[in-house]
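Just so it is clear, the structure is predicted and the values come from calculations on it, not from any experiment. When a ligand or atom number is given, it counts from 1 through the structure's own listing order. Every heavy atom of this structure was used, including side-chain atoms; hydrogens, water molecules and symmetry mates were not.
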Amino acid sequence: MKVSIDDARIINLPIFPDKRGNLSFIEENKHIPFQIKRTYWIYDVPGGVARGGHAYKENQEFIVALSGSFDVVLDDGKSRNTFSLNRSYYGLYVPKGIWRQMENFSTNSLALILASTNFDKADYIYDYKLFKDYVK
Ligand code: TYD
C-alpha cells in the first residue's frame, strides 16, 4: 500500500485543565497508533535552522511542540503539506515512508518525538531523489 500524507494527521491529546497548571498525556496504541520504542527531543535550535530532512522506511513518529513552535513539512513524493505545531495538547502523527523536515523553530522551542522503532541508521533515506524512487 502506498503511503500518502493524507495518512498523516494532527491528533488532539487529553487535557486536564487545572488552576495549578494543565496536564496532558499520551498512551501508546491508544492516543497514537503505535507502540513507543524510543523517545527523543530537539532543543536549543538556532534561528533559521532546518532539521530532519529525511524519511524513514519503517519508523513512525508522533511529534509534539512541548514548548514554543515549529513547522513540520511532510512530503509523500507527490504532495507536500506544512503542519504548524505550537501547543502541547496536540501533535502530528507521521506514518513511515514520508519525507519530513522541521523548520521555523521559535526561540526556546522543545520538540518531543515518540518513535515506533529503536534508532537504526539503515532505516533512514537521506537523499530526496532516492526517496522519490523508493515511493514510486
Ligand atoms: P538525525 O535523526 O539525523 O537528526 P536530524 O534529522 O534532525 O538532523 O539525528 C542526528 C544524530 O543523532 C544522528 O547522527 C544519530 C543520532 N541519533 C541517535 O543516536 N539516536 C536517535 O534516536 C536519534 C533520533 C538520533
Side-chain angles (χ1 to χ4, degrees):
M1 196 188 75
K2 280 255 155 60
V3 185
S4 145
I5 50 171
D6 295 338
D7 301 318
R9 61 185 182 275
I10 294 288
I11 297 177
N12 290 309
L13 299 168
I15 313 175
F16 277 82
D18 194 304
K19 287 197 293 283
R20 303 168 299 156
N22 301 335
L23 183 149
S24 290
F25 57 91
I26 301 167
E27 288 183 21
E28 60 184 5
N29 290 325
K30 188 170 173 187
H31 305 106
I32 55 171
F34 60 83
Q35 191 182 1
I36 302 162
K37 278 275 181 67
R38 177 166 52 109
T39 303
Y40 63 97
W41 48 98
I42 295 171
Y43 54 100
D44 291 348
V45 180
V49 164
R51 296 212 50 138
H54 54 66
Y56 303 110
K57 292 179 213 157
E58 283 306 321
N59 188 40
Q60 307 167 60
E61 290 189 329
F62 186 66
I63 305 174
V64 185
L66 281 189
S67 180
S69 62
F70 50 86
D71 296 336
V72 185
V73 184
L74 300 185
D75 183 331
D76 60 12
K78 286 212 175 72
S79 36
R80 195 170 269 225
N81 208 347
T82 300
F83 297 85
S84 293
L85 302 184
N86 53 28
R87 305 297 302 196
S88 59
Y89 51 74
Y90 67 83
L92 177 64
Y93 168 64
V94 184
K96 65 181 180 180
I98 300 267
W99 187 268
R100 93 208 207 329
Q101 177 159 306
M102 299 167 71
E103 57 193 37
N104 283 333
F105 287 88
S106 70
T107 308
N108 286 332
S109 55
L110 170 59
L112 174 75
I113 297 115
L114 308 179
S116 70
T117 64
N118 290 327
F119 178 71
D120 177 10
K121 200 106 190 145
D123 191 44
Y124 281 69
I125 305 172
Y126 279 114
D127 182 317
Y128 188 72
K129 263 190 74 194
L130 291 182
F131 168 71
K132 291 275 277 186
D133 290 341
Y134 181 77
V135 291
K136 230 185 242 163

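Note on ring orientation: taking the six-membered ring where Trp is involved, the planes of Trp99 and Phe131 are tilted (angle from 30° to 60°). Under the 30°/60° scheme for interplanar angles, the aromatic rings of Tyr124 and Tyr126 are found to lie parallel.
Annotation: Tyr93 is not in aromatic contact with Phe83 [ring centroid separation under 6.0 Å not met].
Here the side chains of Asn81 and Asp76 are not in contact, with every heavy-atom distance at 4.5 Å or above.
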Quiz prompt | Stepwise side chain to side chain donor-acceptor pair (under 3.5 Å) test for Asn59 and Thr117 | solution = CA-CA 5 Å; Asn59 188 40; Thr117 64; 3.0 Å; yes
Practice problem: Apply the test salt bridge (Lys or Arg N to Asp or Glu O under 4.0 Å) to residues Asp123 and Lys57: give CA-CA distance (whole Å), side-chain angles for both, the deciding distance (0.1 Å), then the verdict. | Solution: CA-CA 5 Å; Asp123 191 44; Lys57 292 179 213 157; over 6 Å; no
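Contact shell of ligand 1 (protein heavy atoms, cutoff 4.0 Å): Arg38, Tyr40, Arg51, Gly52, His54, Phe119, Lys121, Tyr124, Tyr126.
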